[in-house]
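The model shown is predicted, which means the values in this text are computed figures rather than measured ones. Note that these values count all heavy atoms, side chains included, but never hydrogens, waters or copies made by symmetry. So you know, we letter chains A, B, ... as the sequences are listed, proteins then strands, and number each from 1.
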Amino acid sequence: MQIPYTVTARPDTGVYNAKLGVWLFLASEVMLFGALFSSYILLRVGAPTWPHGYELLNVPLATFNTVVLITSSITMVMSWASLMVKDFRKYRIYMGSTFLLGLVFLIVKAFEYGAKFGLGIYPAENTFYAIYFTLTGLHGLHVVGGMIVNAYFWGPGSKMWHTDPVRFTNRVEVAGLYWHFVDLVWIFLFPSLYLL
Amino acid sequence: MANVATAHHDTAHHQEEELGFWRKYVFSIDHKVIGLQYMFTALVFLFLGFTLMMLMRWQLAYPGEPLPGEIFIGLPAVIGVALLLIGRWQRKLTSLIGMIFLGLAGLVWYMVTDEVLMPGGVMLPELYNSFGAMHGTIMVFLGVVPLAVGAFGNYLVPLQIGAPDMAFPKLNATSYWSYFLGGVTMLVSFFVPGGAANSGWTSYAPLSVIATQGQTLWLIGMIFLITSSLLGSVNFIVTIIQLRAAGMTFMRLPFFVWAQFITSFLLLLAFPPLEAAGIMQLLDRVVGTSFFMPSGLVVSGQALPYAGGGSPLLWQHLFWFLAHPEVYVLILPAMGIVAEVIANNTRKPLWGYKSMVYAAIFLGFMSFIVWAHHMFMTGMGTVISTFFQTTTMIISIPSVIILTALVISLWGGSIRFSVPMLFALAFLPMFGIGGLTGLPLGLAPTDIHLHDTYYVIGHFHYVVAPGTIFALFAGLYYWFPKVTGRQMNETLGRIHFIGSFICMNVIFMPMFIQGLAGVSRRLYDGGAQYSHAQGVLYLNEVMSVGAWALGVFQLFFIFNFFWSIKKGKEAKENPWDATTLEWATPTPPPHGNFLTLPEVHRGPYEYSVPGHDRDFVPQHVDGQLRSTKTQKV
Amino acid sequence: MDQTQTIDFKKHVRTYIAVFVALMALTVVTVAVSYLHLPITAAVVVALIIAGVKGSLVASYFMHLISERKLIYWTLALTFIFFLALMLLPLGSESDKIVN
């Protein structure tokens, strides 16, 4: 029993199943982070005073992290493009780089959190820190999830390149869409929390 | 795109037999098995949620009197033991049902004999609140939606669109098991110190934040359930868009599929904010953040150890952002089922199919921007209140269009009063009452008097109980022969229907009277301590008797359902002479559904088409006039 | 874009690099602007505009939205409408309050 359009696109919609699936999933993620952004707005507007992000958080470090994540996005799209021109070696280099850049991002984040915890500042401190830790924490969990998927496609999952290259390329494309979305969330998170 | 699955039904069986018991029946990735798993689990939870209500209604009818263990423990225990005895030499299924009844008896026994929850067998307010919160949670999230979407949707959508399975079968299984885990979490919460969640199914902060342990488990359970729904909705949308058979255009889809399609969009986009809110409430409870905790809260003379600065209203906004579309998730699949049953049992096409489809799409869209009509009493200003009143009034229009189209569909029909049709017909006025009583709630001036009274409970139960649940019964009786190859017993079905119909009205109609008199909801004594309630207190006993009688009538259904699986009258493959694609498969449909994927040539309700010798033309039959045989696919 | 067709690889790579450079530049701009300590409304508007441009670049070119079919585009448009509702309506209820 074969499920149609798992690899080839359906003519009238122009997509294969997993691509539509991941875009729908990303739509739900927009609403998930949207709810947290909405909470941030409501809490901030309702508060008598609210600190500026740059007063309390490490802007240079977060700027560095922004650069890291954007770079990881380009390495991710290059890894897919490499598969499209059948360059498996280049794919592994780019996918590996994406993973490593993600790791750098998380290490910097861990350092940031550690600095706060070292000062005795935890999410319960006030609503500013509550929303900061929750938004960046949930985003961080999404980075971890993406890294697990990327690691799988770099390692054991890459065997599929030899048996079903088109399907594998699609899988990498879908993983890429998710990863770009994680980058996109950060693009909004960074100014909202750190710069305003 | 023809896709030959297998040549013979037997070969399909043989392929399946290569899978072990666990892969075939427990961790199956076949949408039909998963659909039945959802159905069975959801029916158990509906049963549990119903039992909680029957227990609550004892307290409401006879406040302060000890619960009669002989009835509430004894009756299910006796039934359970009887079924187990029968099952020992009959069937595993009978034994399983017996164990569920016994389990229920055990649960009630545990609570009644617990001196903390029910000292002397008398229900404490805390336990009453627990039952209330869990009744709502279980019915909505563990019962009705999994049955309407997880069971009916999963089983029927691939069949009705001519697909071999859902787009992502393994994801489908993941959805089910996530639901199962969520359900288990909710069940476990009954046994932790302090009992299950007791802050309403709405879990308003700050009460829910300082509530007992059960609330934490409620939040964790909800995260499992929301994950299940999100994965499921992705699956449904991709399946309906991508896997429609050749010739199955969107406007040839059965209305049931449209309903599931729109429902999935609601689940996809409305659930995530509740997931975020659930995470935030968990953090408030476990880590001590103040997302929903305002400054300066004092409980029993003690200041709470929270930084403050949070907003209880934030919780309400995020909760209702989901919970309003959720009620359309409850009703849309039901309307879909009713549409199928009515078209089939009037032997004519649905009137206004296109209007129904556009109305349903508009309904889905509007459902996202009406939510604060649940919050009129929170101090919002007139501008924003007017906005939400307006959108709420507007959203009643598509519901009316759909209901009117269904009613007009009866005109000139050759009506067959089968058991599914009885339930489908009853749905119409019952949903009508539910909908109409919603109007004063959607307008702020009248809502001032009616908010949080029994009027609200009457309103939404009319829509969900003799509304949605009747539609689900219609669906169960209607599609039973396709799944099992047998018919359910008609006489028992009619008794079930008449009894349920009368009892539903006996239970819920008096609620409007009590609400108008000012009786608040969530009162563990049913209003006994309020002078303004004295005149309508007698209705509590009336409603309770109605509730228990309703329980008795469900026994007819439970017996009929499980007995007919093996002993029902044998049915042919299309016993209702229906037009939609699910009836074109063998009974039960094999793995892969269709021996060759069908090609669709016409709309879904070609009944009584002039020029044909039969009064129906199935969707896949090649369209020539005066065709004398239905093509077996 | 699921077939292994020959693509104009170099052209695509040039686009990706151009987008990358633009994203870096905009990152510098948004951080620089924050040092100006603009009044809060202006700061929010500017930050959102810059983030919006950056996000659109990522979506359009890295995620290939610009060459995707209407189906995806309309799903996202619908999502965005509800996202706006979630942002603006609770805010509306908070700012338009009955004050004693």
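Atom CZ of B:Phe250 sits in a crowded spot, with more than 12 heavy atoms from other residues, nucleotides or ligands closer than 6.0 Å. Counted within 6.0 Å of OH on C:Tyr61, heavy atoms from surrounding residues, nucleotides or ligands total 12 or fewer; the atom is thus considered open.
For chain C, no part of B:Leu268 is nearby; none of its heavy atoms comes within less than 4.5 Å. Proximity to chain C is limited to the side chain of B:Leu318, based on heavy atoms less than 4.5 angstrom apart.
Residues B:Leu313 and C:Glu94 meet the side-chain proximity criterion, which asks for heavy atoms closer than 4.5 Å. At a threshold of 4.5 Å between non-hydrogen side-chain atoms, the residues C:Ser93 and B:His317 count as touching. B:Phe365 places a side-chain heavy atom less than 4.5 Å from the side chain of C:Leu78. Looking only at side-chain heavy atoms (C-beta outward), C:Leu89 and B:Phe387 come within less than 4.5 Å of each other.
Summarising the geometry, atom CZ belonging to B:Phe265 is positioned 5.0 Å from atom OG1 belonging to C:Thr75; distances are rounded to the nearest 0.5 Å. From C:Leu71, atom CG reaches atom CD of B:Gln242 across 7.5 Å, with rounding to the nearest 0.5 Å. Note that CD1 of B:Ile369 is 7.5 Å distant from CZ of C:Phe82, once rounded to the nearest 0.5 Å.
Interface check for chain C: of the options B:Ala270, B:Gly379, B:Ser311, B:Ala372, the most heavy-atom pairs under 4.5 Å are formed by B:Gly379. Of the listed residues C:Leu86, C:Thr79, C:Ile81, the one with more heavy-atom pairs under 4.5 angstrom with chain B than any other is C:Leu86.
Between B:Trp371 and C:Ala85, the shortest heavy-atom distance links the atoms CH2-O, 3.8 Å.
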